[in-house]
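In what follows, a structure is listed as C-alpha cells, so that the remarks can point back to it.
In this text, all values refer to a predicted model and were calculated from it rather than measured experimentally. We number each residue from 1, following the sequence as shown.
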Amino acid sequence: MMQIPADIPAWLAIPVALLLILGSLIALIGTLGLLRLPNFYQRIHGPAITVTLGAGCFLIASMLYFTVLQQRIVIHELLITVFIMLTAPVTSMLLMRTAVYRSLRKNKDE
C-alpha cells in the first residue's frame with residue numbers, strides 16, 4: 001500500500017503547484033468563454049481549445065508527483081492524454097458540423 005509522504009520536497013512541490021494553478025486558470029478561461037461569448041460557434045472554441053491544454057497541465061503535474069512519490073516512471077497519464085487529444089477535437093468538430101447542418105436546414109425550410 002502506498003503511503004503519502006509527510007512533506008514533499010520544494011523542487012517537486014513548486015512545479016506541481018504551478019502546473020495545477022495554470023491548468024485551473026486555463027479551465028476557468030474556457031468556462032468564461034463558454035459563458036460570455038454570444039453564439040454557439042464562438043462559444044464552442046473556449047472549451048474545445050482549453051480542455052486539452054488544461055488537462056495537459058493536470059496530467060503533467062500528476063506524472064511528476066507520482067513519479068517522485070513511487071520512485072519509478074509513471075506514464076499511465078499518457079493514455080489519458082492520448083484519449084483526450086483524440087476525442088476532444090473530434091467531439092468539437094461533430095458539434096460544429098451538426099450546428100451548421102441544422103442552421104442550413106432551418107434556412108432551407110423557411
Side-chain angles (χ1 to χ4, degrees):
M1 183 183 234
M2 182 176 60
Q3 292 183 354
I4 299 175
D7 54 342
I8 301 167
W11 62 267
L12 173 66
I14 292 171
V16 167
L18 290 175
L19 283 166
L20 291 174
I21 291 169
L22 181 64
S24 300
L25 289 173
I26 291 169
L28 178 66
I29 291 168
T31 303
L32 292 175
L34 181 66
L35 294 174
R36 303 268 307 165
L37 293 172
N39 63 23
F40 174 78
Y41 299 108
Q42 292 174 347
R43 274 192 296 253
I44 194 72
H45 290 292
I49 293 169
T50 60
V51 71
T52 53
L53 189 57
C57 289
F58 293 134
L59 292 168
I60 292 171
S62 176
M63 285 191 323
L64 283 174
Y65 179 76
F66 286 108
T67 294
V68 172
L69 185 70
Q70 296 180 3
Q71 298 175 347
R72 64 180 177 87
I73 296 176
V74 176
I75 56 172
H76 300 99
E77 287 85 354
L78 291 178
L79 292 173
I80 299 168
T81 304
V82 168
F83 181 71
I84 289 174
M85 294 291 182
L86 290 175
T87 58
V90 171
T91 303
S92 297
M93 286 295 291
L94 289 173
L95 286 170
M96 285 187 266
R97 283 185 175 190
T98 302
V100 168
Y101 176 76
R102 287 184 74 183
S103 97
L104 287 175
R105 187 157 186 192
K106 182 180 177 183
N107 290 340
K108 184 179 177 183
D109 291 340
E110 290 178 354

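A continuous path of ILVMFWY side-chain contacts below 4.5 Å connects Met93 to Leu95, so both sit in one hydrophobic cluster. Placement of Leu69 and Leu19 within a single hydrophobic cluster is found when ILVMFWY residues are connected by side-chain heavy-atom separations under 4.5 Å, directly or transitively. When the side chains of ILVMFWY residues are joined at heavy-atom separations under 4.5 Å, either directly or via intervening members, Val51 and Leu94 end up in two distinct hydrophobic clusters. If you chain together hydrophobic residues whose side chains sit under 4.5 Å apart, Ile80 and Leu86 never meet in one group. The hydrophobic cluster containing Leu22 does not contain Ile60, counting ILVMFWY residues as joined when their side-chain heavy atoms lie under 4.5 angstrom apart, directly or transitively.
When the shell of 6.0 Å around CD1 of Ile73 is examined, it contains 12 or fewer heavy atoms from other residues, nucleotides or ligands. Within a 6.0 Å sphere centred on CZ of Phe40, other residues, nucleotides and ligands contribute more than 12 heavy atoms. In this structure, Arg36 places its CZ atom where only 12 or fewer heavy-atom neighbours from other residues, nucleotides or ligands lie under 6.0 Å away. The neighbour count for Ile75 CD1, taken as heavy atoms of other residues, nucleotides or ligands under 6.0 Å away, does not exceed 12.
For the atom pair CG (Leu59) and CG (Leu64), the distance works out to 11.0 Å, reported to the nearest 0.5 Å. Residue Cys57 holds its SG atom at 4.0 Å from CD1 of Ile26, rounded to the nearest 0.5 Å. The CD1 atom of Ile44 lies 9.0 Å from the OG1 atom of Thr91; values are rounded to the nearest 0.5 Å. In this structure, Met85 CE and Thr52 OG1 are separated by 5.0 Å, a value rounded to the nearest 0.5 Å. With values rounded to the nearest 0.5 angstrom, Thr81 atom OG1 is found 12.5 Å from Phe58 atom CZ. Here Leu32 contributes atom CG and Thr50 contributes atom OG1; the two are 10.0 Å apart, rounded to the nearest 0.5 Å.
Here the closest heavy-atom approach between residue Glu77 and residue Ser62 is recorded as OE2-OG, 2.6 Å.
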Please determine whether side chain to side chain contact (heavy atoms under 4.5 Å, CB included) holds for the pair Val74 and Met63, giving the CA-CA distance in whole Å, both sets of side-chain angles, and the decisive distance to 0.1 Å.
CA-CA 6 Å; Val74 176; Met63 285 191 323; 5.6 Å; no
Start with the C-alpha gap between Ser103 and Tyr41, add the side-chain angles, then the distance that decides, and say whether side chain to side chain contact (heavy atoms under 4.5 Å, CB included) holds.
CA-CA 11 Å; Ser103 97; Tyr41 299 108; 3.6 Å; yes
